[in-house]
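Beneath this line is the structure, given in structure tokens, with notes to follow.
Atoms considered below: every heavy atom in the structure, side chains included; atoms not considered: hydrogens, waters and symmetry mates. Along the sequence shown, residues are numbered consecutively beginning with 1.
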Amino acid sequence: MSDMQKRPEDIDRESEEIIEETMKEIFDDINNSDEFKEMDDSYEESEEAADESGQEDKAEEENGRPLSEDTDAGGLSSDDSDIETAGIEEEPDSEDEAAEEEASEDNDESEDGYESDEDDFEPDEDDGEETEAEKELRRHRRRKKAGIIAASVAGALILIYIGFAVFFNSHFMFFTEINGQDFSMKSVSQVEEYMKKQVADYVLTLKESDGGTETIRGADISLEYVQGKELKQLVKKQNNFLWIESLWKHPEITAEVGVKYDENALKSITENLKCLNPDNQTASVDAHPEFKDTEFVIVPEVIGTQIDTEKFNEAVSTAINGFVSSVDLADAGCYIKPRFVSDSKEVTAAKDAMNSYLGASVTYDFSPNTEVVDASVISQWVKVDADMNVTFDEEAVKAYIQTLADKYNTKGKTRTFTTAGGNSVTVEGGSYGWRIDQEAEYNALTANIKNGETVTREPEYSSRAASHDVNDFGNTYAEVDLTNQQMYFIQNGQVVLQTGIVTGNPNKGNGTPQGTYSLAYKALDQVLRGKKKPDGTYEYESPVKFWMPFNGGIGFHDATWQPTFGGSRYQTNGSHGCVNMPYDKAAQLYDLISAGTPVILHY
């Protein structure tokens with residue numbers, strides 16, 4: 001494993017070795033630092049002052065004065081004060097007490113020289129039980145000794161802590177990583193030396209989302225290390241007096257470490273990478289609602305392999321400038337990610353809205369038949385666009401309505417008709433029959449769905465008929481036999497009126513057209529007029545009593561000017577297209593027929 005690949009967890013060194021090496025460097029730095037020299041000079045001055053004070057104490061002792069006597073404080077030392085508070089009086093009352101005090105002073109002298117031990121104060125067997133004063137004196141000296149030891153330890157710890165702080169003023173702290181490489185306790189010069197050695201063998205590995213890898217070799221882009229100020233600045237930015245935090249925080253630094261390379265060579269290499277070939281890339285897919293079984297559910301997003309070239313180039317450049325050995329393209333955000341993921345609020349809202357439409361149910365009444373639009377049908381129409389806006393697939397809905405029209409529309413279709421005489425004829429043309437108003441029905445149906453309605457209704461019609469049976473004209477209608485010049489009115493399947501007629505003259509271009517129509521209206525006392533001539537008069541004007549139109553200006557009416565009806569008269573004295581009837585028969589028909597009644601004309 002190369003040094004570039006080593007991680008902190010891979011470095012197996014004994015703590016004693018680390019401490020020994022580090023402490024040696026620390027104390028070398030301390031001994032050479034100006035701060036330490038100043039501290040050392042201060043310490044020597046304090047030592048000289050202490051020696052002079054010791055000489056004075058010794059002289060006083062030789063002259064018969066107590067070591068700690070303070071002439072300004074009445075001759076009591078701090079130790080004497082402690083003894084007094086314990087019950088020992090200032091002047092001895094007897095020779096025994098004087099001897100005891102003299103022994104105490106000898107012991108104090110021994111303590112100041114750090115030569116005595118607690119055992120020196122234990123009473124001899126012959127002296128009897130230890131006095132309270134002696135016990136208090138022994139405790140006092142024990143506390144004093146412990147304080148000296150604690151102060152010494154604290155001083156040593158402070159010195160070590162400061163030593164590390166001075167050391168880390170020029171070195172990186174414990175567990176420091178720079179661009180993923182461990183440089184714990186390394187100086188700037190050591191890091192730079194490492195970088196110089198690694199340039200020749202530098203390889204950047206690109207880790208792709210499908211598990212594949214591609215590499216860019218430093219030698220192929222003329223990679224060189226350039227010494228700069230970046231590392232020195234990074235060391236200075238460390239808070240070296242908080243170095244202890246690095247033991248658990250493990251500093252991770254990302255920085256340009258000073259390299260240069262041939263950018264054109266890098267561009268040429270990256271352009272030929274497999275991961276940038278469009279043929280090898282797949283686009284990401286957004287999370288989206290999709291119908292499953294009975295409801296819409298969220299289908300998770302799919303992260304593809306389509307590269308964001310700008311981010312890719314930026315990631316590669318950053319890695320090389322940071323002397324990083326590998327780049328995970330997914331972690332670096334080089335792939336174009338989906339806009340929406342499973343927990344995106346837009347996706348959730350779209351799913352809920354689409355499911356709300358599934359509650360609608362529209363039953364079309366084509367009596368005796370029905371057509372039902374429910375969740376299974378609606379789910380095919382409700383769509384979501386790229387921005388998660390819920391819409392209806394307009395073309396799909398209209399296509400469905402068209403299927404209804406193809407199935408149930410009869411207007412304009414050819415019919416097979418059984419005449420009153422029992423003959424079967426084919427009738428073409430006319431304006432009668434069912435016709436769905438498809439635009440109006442689209443609006444009505446989508447409104448039903450959006451409102452979540454459950455309804456049974458007819459579709460929106462632009463034209464209606466009497467029945468959805470095979471013969472949509474039902475069993476009440478008027479029949480005109482153009483060949484035999486007869487007219488019949490059938491009511492509830494029975495012929496209730498029959499009469500001869502005169503229809504349009506085909507030889508003058510006025511033949512009455514065949515087809516199936518419905519009566520538009522009926523009116524009394526009308527004047528039928530032809531085209532208006534330039535002089536303001538009309539081609540003809542014919543007053544009639546009973547007027548019953550069914551095909552624009554063509555209708556039933558009485559024709560008192562016709563002497564006979566039926567036969568072949570229409571071929572010579574036919575009408576302009578209307579069905580001429582005898583007066584009494586026209587009156588009878590007027591009473592039987594109503595607006596909307598089918599009228600079937602055939603040859």
Counting neighbours of [atom1] on [X] that are heavy atoms of other residues, nucleotides or ligands and sit closer than 6.0 Å, is the number greater than 12?
{"X": "Lys337", "atom1": "NZ", "result": "no"}
{"X": "Gln494", "atom1": "CD", "result": "no"}
{"X": "Lys413", "atom1": "NZ", "result": "yes"}
{"X": "Gln402", "atom1": "CD", "result": "yes"}
{"X": "Glu314", "atom1": "CD", "result": "no"}
{"X": "Lys533", "atom1": "NZ", "result": "yes"}

Hydrogens and angles aside, do [X] and [Y] bring a side-chain donor and acceptor to less than 3.5 Å of each other?
{"X": "Thr418", "Y": "Ser424", "value": "no"}
{"X": "Glu301", "Y": "Ser342", "value": "yes"}
{"X": "Asn448", "Y": "Glu453", "value": "yes"}
{"X": "Asn580", "Y": "Gln562", "value": "yes"}
{"X": "Asn321", "Y": "Ser317", "value": "yes"}
{"X": "Glu371", "Y": "Tyr408", "value": "yes"}
{"X": "His250", "Y": "Glu252", "value": "no"}

Donor-acceptor pair, side chain of [X] and main chain of [Y], under 3.5 angstrom:
{"X": "Asp385", "Y": "Asp387", "value": "yes"}
{"X": "Thr446", "Y": "Asn443", "value": "yes"}
{"X": "Asn272", "Y": "Ser268", "value": "yes"}

| said: I want to know whether Phe417 and His602 have ring centres closer than 6.0 Å. | reply: yes
Could you tell me whether the side chain of [Y] reaches within less than 4.5 Å of the side chain of [X], counting heavy atoms only?
{"X": "Met548", "Y": "Leu519", "answer": "yes"}
{"X": "Ser326", "Y": "Lys207", "answer": "yes"}
{"X": "Thr499", "Y": "Phe489", "answer": "no"}
{"X": "Tyr432", "Y": "Ser463", "answer": "no"}
{"X": "Leu528", "Y": "Glu541", "answer": "no"}
{"X": "Thr410", "Y": "Arg415", "answer": "yes"}

| Derivation of the salt bridge (Lys or Arg N to Asp or Glu O under 4.0 Å) call for Arg457 and Glu441 | CA-CA 11 Å; Arg457 63 175 178 82; Glu441 181 51 37; 2.7 Å; yes
| said: Looking at every non-hydrogen atom in both residues, tell me the closest pair between Ile501 and Val480 and how far apart they are. | reply: CD1-CG1, 3.6 Å
| note | In terms of heavy-atom contacts, Ser284 and Gly304 come closest through OG-N, 2.8 Å
| Geometric class of the Tyr477/Phe473 ring pair [parallel <30°, tilted 30-60°, perpendicular >60°] | perpendicular
| field | Audit row: Glu394, Lys398, salt bridge (Lys or Arg N to Asp or Glu O under 4.0 Å) steps and yes/no | value | CA-CA 6 Å; Glu394 181 175 343; Lys398 289 185 175 181; 2.8 Å; yes
| query | Do Lys545's NZ or CZ and the ring of Tyr583 fall within the cation-pi criteria of under 6.0 Å and 45°? | reply | no
| For Phe296, is the NZ or CZ atom of Lys351 found under 6.0 angstrom from the centre of its six-membered ring and inside 45 degrees of the ring axis? | no
